[in-house]
Structures are given as C-alpha cells and as structure tokens.
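Order of the sequence lines sets the chain letters (A, B, ...), proteins ahead of strands, with each chain counted from 1. The figures here come from the full heavy-atom set of this structure, side chains too, leaving out hydrogens, waters and symmetry mates.
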Amino acid sequence: MALSLFNTLSLKVEEFTPSDGRTVRMYSCGPTVYNFAHIGNLRTFTFNDTLRRWLRYRGFVLNHVMNITDVEDKIIRKSMELGIPMSEYTLKYEKFFLEDMDTMRMEKPEKIVRATEHIHEMVDLIEKLQVKGYTYDSDGSVYYRISKFEGYGKLSHHDFSGIQAGARVDNDEYDKDDARDFVLWKARKGEEPAWDAPFGAGRPGWHIECSAMAMKYLGDTLDIHTGGVDLAFPHHENEIAQSEGASGKPFARFWVHCEHLHVDMQKMSKSLGNIFTLRDLVELGHTPEALRFVLMSVPYRKKLNFTLESLQGAQTSIDRLRNYKLRIQTDKLAEGSNEAVTKLATEALAKFEASMDDDLNTAEALAAVFEFIRETNTMLDQGQFLEGNRAAALDLLARFDTVFDILEVKVAAGGMEDSAVEALIAERTAAKKAKQFSRSDEIRNQLLEAGIVLEDTKDGVRWKRK
RNA sequence: GGCGCGGUAGCCAAGUGGUAAGGCAGAGGUCUGCAAAACCUUUAUGCACCGGUUCGACUCCGGUUCGCGCCUCCA
C-alpha cells in the first residue's frame, strides 16, 4: 500500500502524493511563544517531525513552513507587565522552543516564520477579503462574516446552518454581527503594540497570520496542513474561510491533526499540577530520547496516556535497541550468510514500511523491528547469524533510525576520549587475567562514573556510553 | 444539548469476522570471578457489560456503562 494519511476533511485514510508528484508543500501551526513548550505541545511537533521524515523516506522533497506566533493577547499582557518590548519577551521563548526542538532531535522545517514579520501580507489579505465582500468593520476592527462563506464548517464537520446571521452578539470589547464571526484586525487599545493599516492602527487577529504566511510561501493550495486536534475548530476552519475566500481555490488538500496527550488519564492542567516540560523531565533524570520514544510509539491519532512509568520503560527499550546494534557491530561471526536471516530482515523491513505507510502506524512499525531483534538475537546466540548477515541487519536499523532517530548516543562535552577508555579496559583485562579482581572492579567503577558501561562477553569486553 | 472518539494483561499499547503484535515491569534461566550488564524463555481461554447477526465476533449491529474531546483560548 502506498503512503496514506487520515484526512480530517474527508474523515478517511487517503493515499497521499504531492500535487506536483515531487515536492510536498506543508504548513504546520507552530508555537505561541509566551512560555516553555509542554510535552503535549512537543507531541504535536514530534508528529510533524515523524511525518516529515516519512515523506522524505518515501522520496519526496519537502517544503515545510512553520510559523511562530509572536503577537497575541497573552504575549502583549505579559510583556507590558514586565515593561519590556514584546519582541524581547517572545525572542526568549522562541529560543527555548528551538532548543527544545533540537534536544528532541526534531528536524527544522525549511522555513520558520514569525507573524510580526508578515503584517504586510496579512493586511493585503484582509484587503482582498474586503474587496470581495467577506468583511465588515466595527469600531476600527475588521471582522470576517462567515455567513458569506459557503462551506464554513466543512473541516470540523459542524453544521452552522442553524446559526442566525444578524443576531448581534457582544463579545468582550468587540462587536460582532454574528457569534461565529471572527476578527481579522483588532483596533488598537491603549498602549499595546500596533501597526498602521488602511483600516486603522491595530494588530492582526490570530487566524489571519497562518493564511497569509502559508499562501505567501506555499501558494494558494497546500499539500498538507497540520496541527493539534484542538485547532481544527475554529482556527483551521477560519483559515479555510480566509484563504479560500480570497483565492477561490481549495486551501489544503490534506488536513492532518495530531491527538492530545494526557497525563495519568487526565488532561494536563495547572490545577492538577501535571504539566511537564522537557526541562522538567530532564531534571527528573529522564532523557530527551526517552520522551521522543514515548511520543513516537503511540500512533498520532490516538490519545497518548503519558506516565512516568512508560517514560522509564522507553529508556529501557532504547537501551535494548542500542545494545543490539552494538552487538551486530562487534560480535565475532563465522563466515558465510544465512538465508533465514536475510529473509527475516526483508520481512521486517517490509512490515516496517507498510506500517508507516498506513497512516504512520508507528506502534506496528516498532513491533516489526523488535520482533526482528528478538529472533536474530537468538540466532546470534546459536551461531546461526553469520558475517554476511551483518549488513542487512544494520541496514534495517539505519532505515528505522532515519525516522525514529534514537540509536545514536550524543557524547556529552568533556567526556572521556575513546582511547583513554580503551587503555583502561586493556588494563582491567590484564588485571582480570591475573585474578586481581579488586583492581578490575575498581577500573569498572571508575569507567562507570565517567558514563561508560562495560559488558564482558565471550568475545571480549564491549563498552558503550550511558 | 449537538457532533465525535475510546474502554485489550500490573503499566504503555497494535490488531483482525477464523481463534490475541510489540515494549516495560514481574517470574524463571543462560553467560560471568562477581555483576548493577547482555541475552533467552514465560506472562490475557480472553479483548468494559448485556443482547443480536454468523458455522464462527475482541473484530459487525443494537443497548448499557465508564472515560475523554470539540462546540470559547488551547498542541
């Protein structure tokens, strides 16, 4: 089966190919930079990363754009409270976010774009909508009249036909003609940051930024638009209304939404005190890879129930994968090649790829790899895994890792050099041979403190970094 | 209230109209001077509950129940 994705528009798993057959034009709703990202945010961005990597695995070229929302109510309030420029506040959290992406081994989208650097494009888009009659003004703000847009609700599958147009609703300080109408341009209030526009000084509404930037960099029709499930309505619905209202063309062919993460069966919330950031988990002694593994091991359309126990388990799983790779690389093997192993590798790879193609079923893909590992470990024990089989096993692991990216250990700065490690191991081996076990244990402990773990195997000593 | 999703072993979870993947934990074992390492084996007569359809259902249909999501800002 070819690569397929669940499309929120059709509520079906559909086969995916970019419209030009080669380059995937993809847009992802990025973070609002007013705080550290929590693991729920990171799940969605990890999903983007998985999708990116699989699309590339399948030979497509990526043109992926992600926005940074750096102007928004909370940001304005906080930066004004602190008495600092808005950009000083947002740049700080943008930096933290990009660091977290890096730590989580997420690939950077081809373009990361800031809302505040595209005000012009947003104003242009609003003017286009004005000309086409999709807007109305109210007290210096500009609103989108959804009753003008046929098909409003087609993404979130809500029926808005019962909504009474013209029933004037007061919402906050803004006057809207219809409860569902949303603001395109907010009139300036007090001292808050504002930009000049033909319709008066103010700032853009949240929804217009994504439409403007996505269309600027990717054209009128995107191949894929992603985001968290909660964004489907109203954010993405509004993006459709804006973009399709202006261009008259479909805005995105595929809408792909990542489900939420829960902690211990509950929604993350301040009152429950169960909001974790990457930094929180690292402080508790967990690794970023373990979080990456947990986030990736549950298919993106399923709610993910996060527990610290599963995070611990993820680390053990990663260690097992790494140990296996080390074993394949270092075990002494007899000459020849066993057909049975070749067959297992071929089957495992086929199952891995078919699972990923099937709407990114990462759980099943992972199972294929673990199954192969268990079977071939047994064959290694029995001497049936031969020299000529190394390449196929390593190839499977390499392919797996182009998507999962957890096998490589990042050596901490200031760590012990390989040569120093080797020298100590040689000394320990000599001590062992002389039955000076206290000395050999001493060296083992010394290395352990430096983050080096030794394993005595029948083929000699094997070591790895923790 | 409207629309929608889900309840599979201690935990995280995949899956199919034909008799339950995988990972972690637990138990047993192999190797080892020892081992905190590594590896192997094992672990649900049953897939929320009650009916129905069927030769056969965890898988389809109906009902019940529990949990969750969107409908307002939210990944």
Side-chain angles (χ1 to χ4, degrees), chain A residues 8 11 28-32 37-48 72-74 153 156-160 162-163 171-172 179-180 182 206 226-235 237 257-262 264-269 290 293-294 297-321 323-324 326-327 331 351 355 358 361-382 431-433 435-438 440-441 444-445 448 453-458 461-464 466:
Chain A
T8 307
L11 298 179
S28 299
C29 287
T32 301
H38 59 239
I39 55 176
N41 298 316
L42 295 176
R43 182 191 191 191
T44 299
F45 297 118
T46 302
F47 151 69
N48 285 155
E72 174 261 0
D73 290 353
K74 280 189 285 278
S156 52
H157 304 284
H158 280 133
D159 181 7
F160 293 99
I163 301 293
N171 187 304
D172 297 333
R180 305 285 169 173
F182 59 93
W206 174 40
T226 73
V229 271
D230 50 292
L231 296 186
F233 187 88
H235 184 55
E237 200 71 70
H257 292 100
C258 182
E259 249 298 349
H260 274 350
L261 169 154
H262 283 198
D264 294 326
M265 303 297 283
Q266 291 176 300
K267 193 171 177 172
M268 281 191 290
S269 72
F293 187 94
V294 167
S297 63
V298 179
Y300 77 93
R301 275 205 295 138
K302 291 275 287 194
K303 282 186 195 71
L304 187 159
N305 186 26
F306 178 87
T307 64
L308 288 176
E309 192 183 344
S310 63
L311 190 61
Q312 193 60 53
Q315 186 60 53
T316 312
S317 300
I318 292 171
D319 289 344
R320 177 139 180 250
L321 291 163
N323 286 327
Y324 176 78
L326 189 64
R327 186 174 189 192
D331 266 19
K351 187 180 167 191
S355 302
D358 182 14
N361 190 338
T362 46
E364 212 169 67
L366 214 40
V369 173
F370 273 108
E371 227 167 310
F372 176 78
I373 287 176
R374 193 191 63 238
E375 284 160 342
T376 50
N377 257 328
T378 305
M379 298 177 100
L380 279 158
D381 286 346
Q382 298 170 344
K432 270 179 67 177
K433 219 163 205 168
K435 302 227 185 283
Q436 294 168 352
F437 296 123
S438 60
S440 66
D441 286 350
R444 184 166 65 191
N445 287 329
L448 187 61
V453 180
L454 299 192
E455 292 164 27
D456 292 329
T457 74
K458 60 176 180 292
V461 183
R462 184 157 75 192
W463 66 277
K464 66 189 178 190
K466 222 181 357 181

_What's the gap between B/C40 and B/G51 when it is taken at their P atoms, as a whole Å value?_
44 Å
*asked:* Checking A/Ser297 now: which residues fulfil side-chain hydrogen bond (donor to acceptor under 3.5 Å, both in side chains) with it, not counting sequence neighbours?
replied: none
_Separation between the C1' atoms of B/G33 and B/U41, rounded to whole Å_ = 26 Å
*What is the distance, rounded to the nearest whole Å, between atom CG of A/Leu11 and atom C1' of B/C3?*
11 Å
*asked:* Measuring from the side chain of A/Leu231 (C-beta onward, heavy atoms only), which nucleotide among B/G15, B/A75, B/C74 has the closest atom?
replied: B/A75
*Taking only residues two or more places apart in sequence or in another chain, which ones pass side-chain contact (heavy atoms from CB on, under 4.5 Å) with A/Val461?*
A/Ile425, A/Arg428, A/Thr429, A/Leu454, A/Asp456
*Write down the distance between CG (A/Leu366) and P (B/C24), rounded to a whole number of angstrom.*
10 Å
*Just call it for A/Pro31: base, sugar-phosphate, or nothing, with non-hydrogen atoms closer than 4.0 Å on any strand.*
nothing
_Distance, rounded to the nearest Å, where A/Arg301 contributes CZ and B/C5 contributes P_ = 10 Å
*Partner residues of A/His235 under the side-chain hydrogen bond (donor to acceptor under 3.5 Å, both in side chains) criterion, sequence neighbours left out*: A/His207, A/Glu239
_Holding to salt bridge (charged side-chain N to carboxylate O under 4.0 Å, His left out), I want the full list of residues that pass it with A/Glu455, two or more places apart in sequence or in another chain._
A/Arg462, A/Lys464
_Distance, C1' atom - from B/C11 to B/G26, rounded to whole angstrom_ = 12 Å
*With sequence neighbours excluded, what pairs up with A/Thr378 under the side-chain hydrogen bond (donor to acceptor under 3.5 Å, both in side chains) test?*
none
*Set of side-chain contact (heavy atoms from CB on, under 4.5 Å) partners for A/Glu72, sequence neighbours left out*: A/Thr32, A/Thr69, A/Lys74, A/Ile75
*asked:* I'd like to know if the side chain of A/Ser310 and the backbone of A/Phe306 have a donor-acceptor N/O pair within less than 3.5 Å.
replied: no
*asked:* Does A/Met268 reach a base, just sugar-phosphate, or nothing at all? Heavy atoms under 4.0 Å.
replied: base
*Would you mind building the protein contact string for nucleotides 65-71 of chain B? One character per nucleotide, 5' to 3', B for base within reach (heavy atoms under 4.0 Å), S for sugar-phosphate only, - for untouched.*
---BSSS
*Taking OP1 and OP2 of B/A14, is either one under 4.0 Å from a side-chain nitrogen or oxygen of A/Lys302?*
yes
*Say you pick atom P in B/A44 and the same atom in B/A21; how far apart are they, in whole Å?*
11 Å
_RNA chain B: 5'-proximal contact among A/Ser310 and A/Arg43 (nearest heavy atom)_ = A/Ser310
*Which parts of nucleotides 27-41 of chain B does protein reach within less than 4.0 Å, heavy atoms only, written one letter per nucleotide 5' to 3' as B for base, S for sugar-phosphate only and - for none?*
------BBBBSSSSS
*Pick the nucleotide of RNA chain B nearest each of A/Leu261 and A/Asn305; which residue has the one closer to the 5' end?*
A/Asn305
*Distance-only, no hydrogens or angles: does the A/Arg43 side chain make a donor-acceptor pair with backbone N or O of A/Glu259 under 3.5 Å?*
yes
*asked:* Using whole Å, what does the distance between atom C1' of nucleotide B/A21 and atom CG of A/Asn361 come to?
replied: 10 Å
_When you measure from the side chain of A/Asn361 to the backbone of A/Glu364, do you find a donor-acceptor pair of N or O atoms at a distance under 3.5 Å?_
yes
_Atom P, compared across B/U19 and B/U59: separation rounded to whole Å_ = 15 Å
*asked:* Quick check: closest heavy atoms across A/Thr8 and A/His157, and the distance to 0.1 Å?
replied: O-NE2, 2.7 Å
*asked:* Rounded to whole Å, how long is the line connecting atom CG of A/Asn41 with atom P of B/A75?
replied: 5 Å
*Who passes ring-ring contact (aromatic ring centres under 6.0 Å, His included) against A/Phe372, sequence neighbours left out?*
none
*asked:* Could you tell me how far B/U43 sits from B/C34 if I compare only their C1' atoms? Round to whole Å.
replied: 30 Å
_For a quick check of understanding: with a heavy-atom distance under 4.0 Å over all strands, which category does A/Glu309 fall into, base, sugar-phosphate or nothing?_
base
*Between B/G22 and B/U8, how far is it from one C1' atom to the other, in whole Å?*
14 Å
*State the dot-bracket string of RNA chain B. Criteria: Watson-Crick or G-U wobble, both atom distances under 3.5 angstrom; notation: ( ) intrastrand, [ ] crossing earlier pairs, | interstrand, . unpaired.*
(((((((..(((.....[...))).(((((.......))))).....(((((..]....))))))))))))....
_Holding to side-chain hydrogen bond (donor to acceptor under 3.5 Å, both in side chains), I want the full list of residues that pass it with A/His158, two or more places apart in sequence or in another chain._
A/Ser156
*asked:* Which residues pass the salt bridge (charged side-chain N to carboxylate O under 4.0 Å, His left out) test with A/Arg301, not counting sequence neighbours?
replied: A/Asp359
*Would you mind reading off the distance between A/Glu72 atom CD and B/C73 atom P, rounded to a whole angstrom?*
11 Å
_Nearest-angstrom distance, C1' atom, B/U45 to B/C12_ = 24 Å
_d(CG, A/Leu304; C1', B/A14) in whole Å_ = 14 Å
*To the nearest Å, how far apart are A/Phe306 CZ and B/G23 C1'?*
16 Å
